[in-house]
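Counting convention: from 1, in listed order, for ligands and their atoms alike. Just the heavy atoms: all of them, side chains too, but no hydrogens, waters or symmetry mates, feed the values below.
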Amino acid sequence: MSAKILSGTEIAKEIRAELQVEVAELKEKHGIVPGLVTILVGEDPASQSYVSAKNKTAHALGIHSEQVTLDVETSEEDLLALVTKYNKDDKINGILVQLPLPKHINEGKVLFAIDPAKDVDGFHPVNVGKMMLGEQCFLPCTPHGILEILKRSGVETSGAEVVVVGRSNIVGKPIANLMLQKREAGNATVTLCHTRTKNMDAHLKRADIIIAAVGVANMIKANQVKEGVVVIDVGVNRVGVSESGKAILAGDVDFEGVKEKAAAITPVPGGVGPMTITMLMKNTVQAARQAKGI
Ligand code: GUN
């Protein structure tokens, strides 16, 4: 069996078309243009490319976007002052500080400084707490994108054995929490595996759905998964550079091998990546609506 390819690119296109209509309507009927600011500290090439993709997408959808790039030596105090400035700026509905931040800056302190009403990343403790309780809030973009892929591809999650590999605050912890909730793409039995997990193979082997978010290229192999599994690969690992100078990417899952056994699988690139950016746009539009009480 060769797996159905769950194209994040195609699903993202669908959602972006919906958002484009929504943004045009907001402008026409209410005179509202949603606004997003991205803040990048330093020159990490991967972060630069993510941030520029976020701004490009915003622009294409008619969302006002501002991109601030700060020197790697920027002080925590100056970054906090910038966040405070955007908290008060009515043109800006969403503030995104690209992670990771340089070591001398306390990430938590910066994320906590963002107004929760503008926290389109869903990283502020107020939003994390609301998410955990199943309350209306900004969902973190990558887990939100995974839920949309599962939902729009008709993957049955209710009662499914879901194994999440990786316990990051950005992906592993939130997706595990969301998928066990009573919600669309939820109601699953969730196991969260990490570096100290004993007998990882036994967990992977009984999974109906695997969500891999570890950051190790091609780590999960065909002999570790069961026939008919659904695989969501969150990994974006740079494994080389093409002749034209572009980064060659690989997921956390050995795509070529696993696709022969899986029922469905997301590719890398073209899987979860485009969904993350799209859900950021969706959150920004949601923030603009909420700011005006619409
Ligand atoms: N770095 C990697 N993923 C993300 C993300 O979703 N948001 C932010 N702000 N930084 C990231």
Side-chain angles (χ1 to χ4, degrees), residues 8 12 15 36-58 63 65-70 72 74 76 79-80 82-83 86-87 92-103 105-116 118-128 131 137-149 164 166-175 177-178 211-216 232-238 247 249 251-252 266 268-269 271-284 286-287:
I15 301 172
L36 170 72
V37 63
T38 60
I39 302 171
L40 170 64
V41 185
E43 293 176 354
D44 174 65
S47 292
Q48 276 176 335
S49 116
Y50 294 143
V51 163
S52 114
K54 287 168 185 175
N55 284 279
K56 216 169 109 189
T57 308
I63 294 172
S65 86
E66 296 180 21
Q67 184 171 349
V68 182
T69 306
L70 300 173
V72 70
T74 299
E76 183 180 285
L79 180 57
L80 288 169
L82 189 67
V83 168
Y86 282 113
N87 279 342
I92 296 299
N93 305 108
I95 302 171
L96 178 138
V97 178
Q98 186 66 27
L99 304 179
L101 286 168
K103 293 243 176 323
I105 297 178
N106 182 328
E107 208 164 270
K109 212 162 156 185
V110 174
L111 296 179
F112 295 7
I114 296 172
D115 179 347
K118 296 191 177 189
D119 170 38
V120 285
D121 253 330
F123 292 166
H124 190 284
V126 165
N127 285 313
V128 175
M131 179 207 68
C137 63
F138 295 114
L139 294 183
C141 302
T142 301
H144 198 177
I146 294 170
L147 296 180
E148 285 294 324
I149 291 177
V164 178
R167 56 179 156 181
S168 70
N169 289 336
I170 297 184
V171 185
K173 283 187 214 162
I175 192 63
N177 185 270
L178 286 162
I211 312 225
V214 268
V216 178
I232 306 289
D233 191 349
V234 186
V236 183
N237 307 293
R238 294 176 172 234
L249 303 179
D252 293 343
T266 59
V268 178
V272 175
M275 293 298 293
T276 297
I277 298 176
T278 302
M279 301 329 284
L280 174 68
M281 301 303 134
K282 200 169 168 70
N283 283 353
T284 304
Q286 183 189 327

task = Any chance you could measure K118, atom NZ, to I95, atom CD1, to the nearest 0.5 Å?
result = 5.5 Å
ask   = Looking only at atom types and distance, does a side-chain atom of D252 sit under 3.5 Å from a main-chain N or O of D233, one as donor and one as acceptor?
value = no
query = Rounded to the nearest 0.5 Å, how far apart are OG1 of T142 and CD1 of I170?
reply = 7.5 Å
Test item: D115 side-chain N/O and N87 main-chain N/O as donor-acceptor pair under 3.5 Å = no
Pairs under 3.5 Å, nitrogen or oxygen of ligand 1 with protein nitrogen or oxygen:
from: ligand 1; atom 1: 1 (N); to: Q98; atom 2: NE2; distance (Å): 3.3
from: ligand 1; atom 1: 1 (N); to: L99; atom 2: O; distance (Å): 2.9
from: ligand 1; atom 1: 7 (N); to: D121; atom 2: OD1; distance (Å): 3.0
from: ligand 1; atom 1: 7 (N); to: D121; atom 2: OD2; distance (Å): 3.4
from: ligand 1; atom 1: 9 (N); to: V97; atom 2: O; distance (Å): 2.8
from: ligand 1; atom 1: 9 (N); to: D121; atom 2: OD2; distance (Å): 2.6
from: ligand 1; atom 1: 10 (N); to: L99; atom 2: N; distance (Å): 3.0

remark   = To the nearest 0.5 Å, atom CD1 of I92 lies from atom OH of Y86 at 6.0 Å
task = With side chain to side chain contact (heavy atoms under 4.5 Å, CB included) as the test, would you mind laying out the steps for L82 and L70 before giving the verdict?
result = CA-CA 10 Å; L82 189 67; L70 300 173; 3.9 Å; yes
